[in-house]
Amino acid sequence: MTQNPAHVAPPNGPMNGPALSRQEFEVLFDRVRAWGRWTPADRGAWARVTPDHVLRAKALVRVGTVVPMALPWNTVPAADNGKPALHYMSGLGDGEAGEPSAYTDFIAADFHGKAVSHLDALSHIAYRGKLYGGRSASEVVDSRGAWFGAVSALGALVTKGVLLDLPTSLGIDWLEPGQAVHAGDVISAEETLGVTIDEGDAVLLRTGHVRRRRELGAWNPDTASAGFHVSAVPLLAERGIALLGGDGDSDVRPSPVEGLHSPVHALAVNAMGVPLLDNLDLEALSAACAEEGRYEFLLVVAPLNIPGGTGSPVTPVAIL
């Protein structure tokens, strides 16, 4: 697929607003900051999820439908895949004696981009030189990895997932790139879809990004993508979410905040201690939720155990 500029919203269009100054953002950051709230600190908001949360989420499994949400491993260059993932065969079974023969392969990815479904750990985002909790990023992240907030500290998450299916709520195919989702949109979607975001929940935002790409072709999401406006984050903080994700990277782009390219990342990961799931394929989940008439489910997120890793490729799984 190739980029079609005619189908991309103007980079400086009004859909991503209202604009915020850096000073206004600082007030917002301090409002949602949750430093020092949990032990161990490098699990952040995942520490909200107790065995009781898991048991309540288990009760949402009623029909046994299992929906994985990862994009295919993408080795094809495109407007949204400037650093394609690698996959090649490292063994074809012809160098071994006897039976059985074995076929082996190699994979690798610079996964913090727009083409690989992945989890952002707390070490992924620094703001004003600090990681979540106030640790100096230069002191705990170096060329060997992250020694605070690594993905290996998170473990697995099992909790209630909520799909904020904005196109379904609004009766449209997708949100256009550059369109912001505000707190009022979240509340309206809850009412329309019959869900409530509760403490310890994982919130997944469907903008229709994947469907739009399939039908119209790839574009550069760094230039324009639908996502949350920063003004929606205090509502999510008040609800006490444990995880935020979506079919983009949660930020509306262009950024509405002066001098900040990823303000929702800064608020969620750095201020709130909430890991992010980026680049999910939520189309099958949207269809499954519509068929069941409910937009909540058991969610399982199991990142790779990478000591020092700032995140991990991942295949989240919803079970209805």
Side-chain angles (χ1 to χ4, degrees), residues 9-38 41-42 44-45 48 112 114 120-141 146 148-149 164 166 175-188 197 203 205 207 220-246 248-276 278 310:
N12 297 311
M15 295 190 298
N16 69 326
L20 273 76
S21 68
R22 189 64 170 268
Q23 184 177 6
E24 290 173 314
F25 178 82
E26 297 289 351
V27 172
L28 196 59
F29 186 94
D30 290 337
R31 178 179 170 187
V32 302
R33 184 166 53 184
W35 292 5
R37 183 169 298 181
W38 299 288
D42 51 2
R48 292 185 191 274
H112 283 299
K114 308 298 183 182
D120 292 341
L122 300 188
S123 56
H124 177 52
I125 296 294
Y127 181 60
R128 298 179 297 199
K130 306 289 185 181
L131 297 182
Y132 169 76
R135 289 166 175 80
S136 171
S138 63
E139 294 178 359
V140 295
V141 184
F148 170 82
L164 287 180
L166 264 292
L175 303 186
E176 286 296 333
Q179 186 170 344
V181 175
H182 298 88
D185 300 315
V186 174
I187 293 171
S188 295
I197 299 168
V203 176
L205 173 66
T207 68
N220 183 358
D222 282 327
T223 301
S225 60
F228 286 109
H229 189 272
V230 290
S231 62
V233 176
L235 173 64
L236 301 174
E238 290 165 9
R239 299 293 183 86
I241 65 170
L243 175 67
L244 184 64
D249 70 357
S250 294
D251 267 286
V252 66
R253 300 183 189 280
S255 167
V257 181
E258 173 189 349
L260 283 180
H261 60 80
S262 301
V264 171
H265 276 62
L267 293 176
V269 178
N270 193 270
M272 296 164 56
V274 172
L276 296 179
D278 293 348
T310 63

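As a basis for the values below, the full set of heavy atoms in this structure was taken, side chains included, without hydrogen atoms, waters or symmetry mates. All values reported here derive from a predicted model rather than from experimental measurement.
- For Asp278, the salt bridge (charged side-chain N to carboxylate O under 4.0 Å, His left out) test picks out no residue, with sequence neighbours left out.
- The salt bridge (charged side-chain N to carboxylate O under 4.0 Å, His left out) search around Arg33 returns Asp30, not counting sequence neighbours.
- Closest non-hydrogen pair, Leu236 versus Met272, comes out as C-CE, 4.4 Å.
- For Thr207, the side-chain hydrogen bond (donor to acceptor under 3.5 Å, both in side chains) partners are Asp247, not counting sequence neighbours.
- With a 4.5 Å cut-off on side-chain heavy atoms, Asp249 and Leu276 do not count as touching.
- Qualifying ring-ring contact (aromatic ring centres under 6.0 Å, His included) partners for His112, counting only residues two or more places apart in sequence or in other chains: His118, His124.
- With sequence neighbours excluded, the residues forming a side-chain contact (heavy atoms from CB on, under 4.5 Å) with Val252 are Asn16, Ala180, Pro256, listed by chain and number.
- The heavy-atom pair separating Ser250 from Leu244 by the smallest distance is OG-CG, 3.9 Å.
- With rounding to the nearest 0.5 Å, the separation of OG in Ser262 from CG in Asp222 is 8.0 Å.
- When all heavy atoms of Pro275 and Ala242 are compared, the pair lying nearest together is CD-O, 3.7 Å.
- Using modelled atom types, no side-chain atom of Arg48 and backbone atom of Trp38 make a donor-acceptor pair closer than 3.5 Å.
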Using residues 129-139 as the side-chain source, report each donor-acceptor pair under 3.5 Å to any protein atom, sequence neighbours left out, with the distance given to one decimal.
| residue | atom | partner | partner atom | Å |
| --- | --- | --- | --- | --- |
| Tyr132 | OH | Ala34 | O | 2.8 |
| Ser136 | OG | Ser138 | OG | 3.0 |

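- The minimum heavy-atom distance linking Asp251 with Ser225 is given by the pair O-OG, 3.6 Å.
- Every residue two or more places apart in sequence or in another chain that forms a ring-ring contact (aromatic ring centres under 6.0 Å, His included) with His182 is listed here: His229.
- Residues Val269 and Leu122 meet the side-chain proximity criterion, which asks for heavy atoms closer than 4.5 Å.
- Among residues two or more places apart in sequence or in another chain, the side-chain contact (heavy atoms from CB on, under 4.5 Å) test is passed with Ser21 by Gln23, Glu24, Glu258.
- Looking only at side-chain heavy atoms (C-beta outward), Val203 and Leu164 come within less than 4.5 Å of each other.
- Taking Glu26 as the reference, Arg22, Tyr127, Arg128 meet the side-chain contact (heavy atoms from CB on, under 4.5 Å) condition, with sequence neighbours excluded.
- Of the possible donor and acceptor atoms, one in the side chain of Trp35 sits under 3.5 Å from a partner among the backbone N and O of Asn270.
- Every residue two or more places apart in sequence or in another chain was checked for a salt bridge (charged side-chain N to carboxylate O under 4.0 Å, His left out) with Arg37, and none qualifies.
- Among all heavy-atom pairs drawn from Ala226 and Leu175, the shortest one is CB-CB, 3.8 Å.
- Partners of Glu238 by salt bridge (charged side-chain N to carboxylate O under 4.0 Å, His left out), not counting sequence neighbours, listed by chain and number: Arg31.
- Take Leu267 and apply the side-chain contact (heavy atoms from CB on, under 4.5 Å) test, not counting sequence neighbours, and it matches Phe25, Leu28, Phe29, Val32, Val230, Val233.
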